[in-house]
Protein chains: 4
Amino acid sequence: MIHAKRQKRSIVVDKRKEILAAAIEVFARKGYNKANIVEVAARAGVATGTVYLYFKNKDDLLLQSMKTMMDTNFEDIKKKLIKEKKAIDKLFMFFYHHIDVFTTRPSMARFLMVELRQSEEFYKRYPTYNPFHDYQEFVEELVKKAIKEGTTLPYNPSTVSYLILGAMDSVVTHWLIHPESVDLIAVTGEIRKILHNGMKKEQ
Amino acid sequence: MIHAKRQKRSIVVDKRKEILAAAIEVFARKGYNKANIVEVAARAGVATGTVYLYFKNKDDLLLQSMKTMMDTNFEDIKKKLIKEKKAIDKLFMFFYHHIDVFTTRPSMARFLMVELRQSEEFYKRYPTYNPFHDYQEFVEELVKKAIKEGTTLPYNPSTVSYLILGAMDSVVTHWLIHPESVDLIAVTGEIRKILHNGMKKEQ
Amino acid sequence: MIHAKRQKRSIVVDKRKEILAAAIEVFARKGYNKANIVEVAARAGVATGTVYLYFKNKDDLLLQSMKTMMDTNFEDIKKKLIKEKKAIDKLFMFFYHHIDVFTTRPSMARFLMVELRQSEEFYKRYPTYNPFHDYQEFVEELVKKAIKEGTTLPYNPSTVSYLILGAMDSVVTHWLIHPESVDLIAVTGEIRKILHNGMKKEQ
Amino acid sequence: MIHAKRQKRSIVVDKRKEILAAAIEVFARKGYNKANIVEVAARAGVATGTVYLYFKNKDDLLLQSMKTMMDTNFEDIKKKLIKEKKAIDKLFMFFYHHIDVFTTRPSMARFLMVELRQSEEFYKRYPTYNPFHDYQEFVEELVKKAIKEGTTLPYNPSTVSYLILGAMDSVVTHWLIHPESVDLIAVTGEIRKILHNGMKKEQ
DNA sequence: TATGAATGAGGCTTCATTCAT
DNA sequence: TATGAATGAAGCCTCATTCAT
């Protein structure tokens, strides 16, 4: 009996995760509107109705999928930055790893690039949650530190974050559309150089 | 006969334009998927079926909306650049005017920022038309010229265009979500400075 | 002026006929429901609205198309029977020519075979007009004569007409579906033989 | 579990059958093109969408309706022929029972007579399924046997089948349009006599 | 918790018909 | 008579969501 209970709980936990994983997969492949719950459920190996036991509705499922993806990616990337000591290096490695992570999982990247834009209504409905906010904030903090550390000119951190996030975005977007025409290594290297040149404080 | 034709055509153009304007408005507000033809028609002051006299289907309406907007904006912006002589100045004024044009027409901006992302399927369906392509090419040409003119380091023009277009995109996107938190003048000025510093060739 | 008037009248006459001809063509190719007035008008070289000057509505156009086709075919066939003297010969030549006429114009044949069946509602709406009625009556008359002439056993003329019209129908229908598998000459010859054997009065 | 499954399946079968019955009814009354799914669903006592759980689309519904009817009728008729021993008797009883079955269920008959004609497109779309094919083949087999048994002259079996199927068709069609003017018993009797005379081998 | 059949609103599109010119 | 742009009703189908089991 005890064993059964344990199993049950673990199954329950799994189910939510499996639905989420399936949703990410399906949303990424088909986009929000063409994705349909029946397929998500099938891919998760549960009944249609079960999805509604764990998620309020399709919007909720989308929201949580996005959050999960963003959080996972963000954590992945942040882990890789631990060994960097100077803020300026963290900043550029963040740039590099972000592009790496997104281009490694193109369908997920596409989903995030596309659907997050569209979610103005999500911003309205869930004003507290902006999945880009963490990114924005993280970059701004790094910029502030880099300024403090004296490696960077005292530009407005927000501004710099727009520039960096925009560049990341732009590179990934173009790569998604024309993967063959974008040499990721070269491009990231050069962008890094330009930004570095533009921001560095002569010491 | 000629007169009749002219009249007819001008009427046609008007209705087509009205539908297009309505479509832009509705698409921008609701997004492509949640926008519906009935509403577009109503807003244009025509019957549902009339839309299909001027546009093949919903996709075509979206495509033509995008094209119209992009072309109009692009022409507007290019006109303003004529007086600039040096490529590097054209480049930064392009940046400036783009942001100006887009933030002056927010609903249109939102539409373009959001829907164009989503249109990977359009790229596939209409591979000959990429509304960003003109932008991309224009910026690359300016970079090439700037390098030739000796004002800019010989970075890869594509790379630089990613950086610049990404920055433009990012600024507009953030402004759309939180207009109050983005000081457009300051931000564009600073970005310009960073990019300029990063790219300039010491002379 | 006189000349102009003449021209005009002749044009008018032509227009009705041209619309009818176009309708027959389009109905035959697409069937009643998938045929559309715009295409009929285009093919007739007139404006959409003009169709409604000559025909009350789509149903009317269909009805008149059918009537025209049936009448034309019927007259064609009857002309070819003039030289036959004995009723029994007329009967079998009618059979032969009918199949010949219909298989010579397959799309028209298909239209008549298919749409006439469907037109129960036409029978209701225009109870006086049954395009098959003339056929039926003609065959019955021939049977009566053949009986009188002593070449045929005194079967009920209606019955014989069912048999003959049914055979014609069946052969044409099968030929329409699988033209390659039906040897028209052989089939008509044999059917004629069977019917002849079955009906003939030993003399 | 087994019980549940059974129950479920039996419910499913019922609903499918109800929809099928409703479809036959509506198709027969209005014809394929003017029939609409909403009405079929209403008559079956289910929601519109439910139809699409059991049938892929309107075409599929039509196809399956036809197949069901043809198969049911065909089996019914064949059962009644078991007691006949000679092929020639089976042949004429087939004729008799066919007309009996069809005139007993007029709306179904009308549906089959009318819609099957129209289904050239179905033959193209579903080339493997020709609901008339079984009929045709069955009659041809009987003719072959009758020839072997020495009761019938060696006519081409296909030809004879055209004749017999055509006669059946013709009688039913006329009866559908003018039931009062067709004395089924007399007509079938006479047709049988003519065909018998025409085909019989003097022994 | 879990199921999945059933629901029915809503979307895109077509086209017979009208009417102002 | 002739035009053809405009109309808008109506049809097929999808799918998020519910609910009886």
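We name chains A, B, ... by the order of the sequence lines, and we start the count at 1 in each one.
Dashed line: the shortest gap from a side-chain N or O of D/K15 to OP1 or OP2 of E/dA6 is under 4.0 Å. For the OP1/OP2 pair of F/dA16 and a distance below 4.0 Å, the side-chain nitrogens and oxygens of A/N57 include no atom meeting the criterion. For the pair C/K58 and E/dT17, the criterion of a side-chain N or O lying under 4.0 Å from OP1 or OP2 is not met.
In this entry the distance linking CG of B/D14 with P of F/dA5 reads 15 Å, nearest Å. Between the NZ atom of A/K34 and the P atom of F/dA16 there is a distance of 13 Å, given to the nearest Å. Between D/N36 atom CG and E/dT14 atom P there is a gap of 19 Å when expressed in whole angstrom units. When rounded to the nearest whole Å, the span between CZ of A/F55 and P of F/dT18 equals 16 Å. Atoms CD (B/E18) and P (F/dA6) sit 10 Å apart, rounded to a whole Å. If you take CG of B/N33 and C1' of F/dA16, they are 15 Å apart, rounded to a whole angstrom. Taking atom CD1 of A/I19 as the reference point, atom P of E/dT1 lies 12 Å away to the nearest angstrom. Separating the OH atom of C/Y32 from the P atom of E/dC15 is a distance of 13 Å, rounded to the nearest angstrom.
Among the heavy atoms of the strands, none lies under 4.0 Å from D/V51. Contact annotation for C/A42: no contact, since no heavy-atom pair falls under 4.0 Å across all strands. Backbone-only contact: B/A35 has heavy atoms under 4.0 Å from sugar-phosphate atoms and none from a base. Across all strands shown, A/L53 has heavy atoms under 4.0 Å from base atoms, whether or not it also approaches the sugar-phosphate. Counting any heavy atom pair closer than 4.0 Å across all strands shown, B/V38 reaches no nucleic acid atom.
Using a 4.5 Å cut-off on side-chain heavy atoms (C-beta onward), B/Y54 and B/L20 make no contact. Residues B/L53 and B/V46 are not in side-chain contact: their nearest non-hydrogen atoms beyond the backbone lie 4.5 Å or more apart. D/L62 places none of its side-chain heavy atoms less than 4.5 Å from the side chain of D/F55. Between C/T68 and C/D71 the shortest side-chain heavy-atom distance does not fall below 4.5 Å.
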For DNA chain F, the dot-bracket pattern of Watson-Crick and G-U pairs whose distances stay under 3.5 Å, | for other-strand partners
.||||||||||||||||||||
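If you find the closest nucleotide of DNA chain E to D/G49 and to C/I37, the one lying nearer the 5' end belongs to D/G49.
Candidate nucleotides F/dC12, E/dA5, F/dA2 were compared by shortest atom distance to the side chain of A/T48, and E/dA5 ranks first. With F/dA6, F/dG11, E/dT14 as the choices, the nucleotide that has an atom nearest any side-chain atom of B/T50 turns out to be F/dA6. When distances are taken from the side chain of C/Y54 to each of F/dA2, F/dT7, F/dT17, the shortest belongs to F/dA2. Comparing F/dT14, E/dT18, F/dA5 by their closest approach to the side chain of C/Y52 singles out E/dT18. Ranking E/dT3, E/dT7, F/dT17 by closeness to the A/A47 side chain, first place goes to E/dT3.
Ring planes of B/F27 and B/F111: parallel class, angle under 30° (limits at 30 and 60°).
When atom types are taken as modelled, the side chain of A/K58 and the backbone of A/A35 share a donor-acceptor pair closer than 3.5 angstrom.
Closest approach of B/S107 and B/A28 over heavy atoms only: O-CB, 2.9 Å.
Under the side-chain contact (heavy atoms from CB on, under 4.5 Å) criterion, A/E39 pairs with A/V26, A/R29, A/K30, A/N36, sequence neighbours left out.
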